[in-house]
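Encoded as structure tokens, the structure appears first; notes follow it.
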Amino acid sequence: MKEIHYTKMHGLGNSYIYINTFEETLAESELISLAIKVSNKNTGIGSDGLILITPSDQADVGMRMFNKDGSEGKTCGNGLRCVAKYAFEHQLVQNETFAIETKAGMVEAYVHLNKDQKEVNEVTIDMGAPILERQLIPMLGEKDNHVVNERFEVENETLFATAVSMGNPHVIFFVDDINQAPLYELGPVITNDNRFPEGVNVEFIEVISETEMHFRVWERGSGVTEACGTGACAATVASVLNGQSKRNEPVTVHLAGGDLTITWAHDGKVWMRGAAETITTGIYFDHSKH
Ligand SMILES: N[C@@H](CCC[C@H](N)C(=O)O)C(=O)O
């Protein structure tokens, strides 16, 4: 049996098991099964997936993320805020501003501290520019263009899709009432729709005003989660592209687990600010043989 030290953290209820690979040694071949095992709430710890906090040659710290089903995502907004909190509080970094490397590229984190300057309450992340070209999202289709309010037939229903990549793929649908959004009916169908060759995170949003929206998500590889940081960024970009919100104006995104503030700045970058919390730390007893 192998003992693995972990920390369970969440960003607005989107929880992951965090393993610090500055100290723990994991083989590449065990990562997928480890993600599946630790995420299981009955036989594991229980989470939306696994996140590794890693050394990085390019940045101050690195992050790798795995969904509940073991698939690897290139980035994770809520995960980035938790990695930033962990890195600062465990002195992996010394400054309040630092770079994090992900498989989708480099981002910049800014930690907001409590009164004694030791604990991180909130984190702002410069998530970089959204990717809007259809083939880079990637989404199939005849035209080589942006996917904004495009007719999207699924299960005998006609929806209108806006697709945005924040380093990972998102498709956004506007609804009149968030409580009537077909999340459980269409989320699992659209996430595997063959128009998205790499799968997709599926979001429904109800725009309340230019600066406020309700948001629900079916995440690729994990299903319904309480929150999705990259999804909230993509939804804000989608709202601007559809003329419902404005560039450079912060949008409060109400997710099931709480609020994020997202701004798509004039310089092209998307900024995300929100909470990150530690739930517990412990030792996972891995009984499997590798
Ligand atoms: N919860 C995340 C996104 C996690 C990855 C996603 N499911 C994918 O496969 O792209 C977030 O907060 O951004």
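Counting convention: from 1, in listed order, for ligands and their atoms alike.
Exactly one residue among F160, W218, F152 makes a ring pair (Phe, Tyr, Trp, His ring centres under 6.0 Å) with F173. That residue is F152. Only one option out of V83, I53, D60, T75 pairs with I100 in a side chain to side chain contact (heavy atoms under 4.5 Å, CB included); it is V83.
Look at N67 and you'll find a heavy atom under 4.0 Å from some atom of ligand 1. Residue-ligand proximity: W218 is placed with every non-hydrogen atom at 4.0 Å or more from ligand 1. Distances shorter than 4.0 angstrom do not occur between any heavy atom of S222 and any atom of ligand 1.
Using cut-offs of 30° and 60° on the angle between ring planes, the pair H90 and Y86 is parallel.
Neither the backbone nor the side chain of K74 comes within 4.0 Å of ligand 1, counting heavy atoms alone. At a heavy-atom cutoff of 4.0 Å, ligand 1 is contacted by the backbone of T75 but not by its side chain. At a heavy-atom cutoff of 4.0 Å, ligand 1 is contacted by the side chain of N168 but not by its backbone.
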For this session: Verify salt bridge (charged side-chain N to carboxylate O under 4.0 Å, His left out) between K118 and D116, making sure each step is shown before the conclusion.
Result: CA-CA 5 Å; K118 288 200 178 112; D116 69 12; 5.2 Å; no
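If you number the atoms of ligand 1 from 1 as listed, the ones under 4.0 Å from a heavy atom of G229 come out as 11 (C), 12 (O), 13 (O).
The existence of a salt bridge linking K103 and E72 is confirmed by a sub-4.0 Å separation between a basic side-chain nitrogen and an acidic carboxylate oxygen.
Contact detail for P169 and I137: the closest heavy-atom pair is CB-O, 3.4 Å. The minimum heavy-atom distance between V120 and K85, with the atom names listed, is O-NZ, 2.7 Å.
Among protein heavy atoms, atom 3 (C) of ligand 1 sits closest to E219 OE1, 3.5 Å.
With distances taken over non-hydrogen atoms, the option nearest atom 1 (N) of ligand 1 out of N14, T230, L12 is N14.
Taking distance alone, with nitrogen or oxygen atoms compared against 3.5 Å, G77 approaches ligand 1 more closely than that limit.
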